[in-house]
Amino acid sequence: MDDSEILIEADQLCKYYGAFTAIENVSFQIRRGEVVAFLGPNGAGKSTTMKILTGYLAPSSGTAKIAGFDMSTRRLDGAARLGYLPENGPLYADMTPRALLRFFAQARGLSASRCRASIERVTELCDLGTVMEKPIGKLSRGYRQRVGMAQVLLHEPDVLIMDEPTAGLDPNQIHEVRNTIRRLSENRTILLSTHILQEVEAMASRILFLSEGRLQYDGPFDKLLENGETLEARFRELSGRNGRQGTFPKTEES
C-alpha cells in the first residue's frame, strides 16, 4: 500500500506536563482496514496518545495525522474522517437515541435528507431499532455504548478510535458490543484501547503495547505469543513487572 492508505499516523509524539512525561517518542502507522489493539497498564499513556490523535490534546512535540491531515494544523479536516468514542463518552440521559442522533447530525451540518438516511443506517448497523424511542438513561450500559458508537458513525468516518468500549459491561453486553465492532471493522480502520485481553484475541490482529509512556511492542498478535507464553504473561513482561521489560520480539512493524 502507498502512503495514501495510512489513515492513522503518530510520529515521535511526546507529551510533557512539567517534569512529568506522559508519552515520549511514540511512533506508529495504521493502514486502511486494520483493527489494532492498544494495550498497556493504567497510566501507560494510551488515553493521552488517543487524545492527541483526535486533536483533543496538542502534543509537546511530534506529529499526529488522521487520513493525512495534521491534527495540530488541520484538525477539522481530520475530524471529518474520524469517529472517536472516549471511555464513558457523554450522552444526554433524558434524550432518546433518535433525538440524540438527530442533534449530533445537525451539529455536524448534515442536510435533512442525509440526517434521516444516516440515522436509519446507524440504527441498523448498531442494532438499536427496539430502543430508539426510549430515554437513554433507561437503557442498559451495553445499549448506551451502542448509542455512542452510532453517534460517532453518523458522518461515515474512515477511522474509528475507541477508548475502553467494553469497560464495565457484563459478558452478554461485551458479546453484543464485540459483534458491533466486528461489523464496523469490515470497511474501516479501528484503533481499540482495552484492558480486557480476551477482546484482543477476538477482534485485533495487531497490537501496540505502551508502558511508561513508551511503545514497547508493535506487531502481530501471533508474533507476541510465538514462544508459547500467555497474553497475560507477555502483558506483565512488557509492563516491566518481571524485570524483563524490552525483551519483546522484533518485527517488521517495530
Side-chain angles (χ1 to χ4, degrees), residues 6-31 34-66 69-72 75 78-79 82-89 152 159-168 189-197 199-200 203-221 223-224 231-251 253-254:
I6 297 171
L7 294 186
I8 302 177
E9 182 174 8
D11 184 15
Q12 296 295 304
L13 287 180
C14 300
K15 184 64 177 179
Y16 305 113
Y17 296 95
F20 175 73
T21 300
I23 59 171
E24 191 165 45
N25 298 326
V26 172
S27 297
F28 56 84
Q29 297 177 338
I30 304 177
R31 298 183 182 275
E34 285 192 276
V35 180
V36 178
F38 205 14
L39 299 182
N42 288 334
K46 302 187 302 298
S47 291
T48 297
T49 303
M50 288 189 290
K51 287 177 180 178
I52 291 173
L53 287 170
T54 62
Y56 183 80
L57 285 178
S60 299
S61 62
T63 304
K65 293 182 179 180
I66 296 294
F69 296 110
D70 188 327
M71 296 301 284
S72 292
R75 183 177 181 275
L82 170 68
Y84 175 42
L85 183 66
E87 185 177 7
N88 301 316
V152 302
V159 178
L160 294 177
I161 295 179
M162 300 182 178
D163 193 356
E164 300 289 351
T166 57
T189 296
I190 298 178
L191 178 61
L192 173 73
S193 171
T194 182
H195 281 102
I196 302 174
L197 300 185
E199 296 306 289
V200 180
M203 291 185 291
S205 59
R206 177 181 166 197
I207 291 174
L208 300 172
F209 194 100
L210 204 66
S211 181
E212 297 183 349
R214 290 181 175 271
L215 194 63
Q216 299 295 330
Y217 178 81
D218 177 0
F221 176 85
K223 185 76 171 179
L224 189 65
L231 186 55
E232 289 83 355
R234 296 297 280 133
F235 188 103
R236 291 180 60 80
E237 180 181 332
L238 292 172
S239 300
R241 298 297 173 85
N242 60 0
R244 294 172 57 201
Q245 183 170 347
T247 60
F248 49 89
K250 299 295 184 181
T251 73
E253 290 88 349
S254 57

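The first residue of the sequence shown is numbered 1, and numbering continues consecutively from there.
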Does any part of the side chain of Ser193, heavy atoms only, come nearer than 4.5 Å to the side chain of Ser47, both counted from C-beta? no
Would a distance-only check, ignoring hydrogens and angles, find a side-chain to backbone donor-acceptor pair under 3.5 Å from Thr189 to Arg31? yes
In Å and rounded to the nearest 0.5 Å, what is the CG to OG1 distance from Leu210 to Thr48? 9.0 Å
Got a second to check how far Ser239's OG is from Gln216's CD, nearest 0.5 Å? 8.5 Å
Test salt bridge (charged side-chain N to carboxylate O under 4.0 Å, His left out) applied to Glu9 - qualifying residues, sequence neighbours left out: none
Can you sort out the partners of Ser27 under side-chain hydrogen bond (donor to acceptor under 3.5 Å, both in side chains), two or more places apart, ordered by chain and number? Gln12
From the options Leu192, Ile8, Ile190, select the one residue that forms a side chain to side chain contact (heavy atoms under 4.5 Å, CB included) with Leu160. Ile190
Would you say the side chains of Asp70 and Thr63 form a donor-acceptor pair under 3.5 Å? no
A quick test of your reading: do over 12 heavy atoms of other residues, nucleotides or ligands sit less than 6.0 Å from NZ of Lys65? no
Could you tell me whether the side chain of Lys46 and the main chain of Gly40 form a donor-acceptor pair under 3.5 Å? yes
Heavy-atom distance under 4.5 Å between the side chains of Tyr56 and Met50, does that happen here? no
Kindly indicate, with the supporting measurements, whether the criterion side chain to side chain contact (heavy atoms under 4.5 Å, CB included) is fulfilled by Leu53 and Val159. CA-CA 11 Å; Leu53 287 170; Val159 178; over 6 Å; no
As an exercise, state the distance from OG of Ser61 to CG of Asn25, rounded to the nearest 0.5 Å. 7.0 Å
Can you name the closest pair of heavy atoms from Met71 and Leu82 and give their distance? CE-CD2, 4.4 Å
Exactly one candidate in Phe28, Phe235, Tyr217 meets ring-ring contact (aromatic ring centres under 6.0 Å, His included) with Phe209; the answer is Phe235
Could you pull out all residues at least two apart from Tyr16 that satisfy side-chain hydrogen bond (donor to acceptor under 3.5 Å, both in side chains)? Glu24
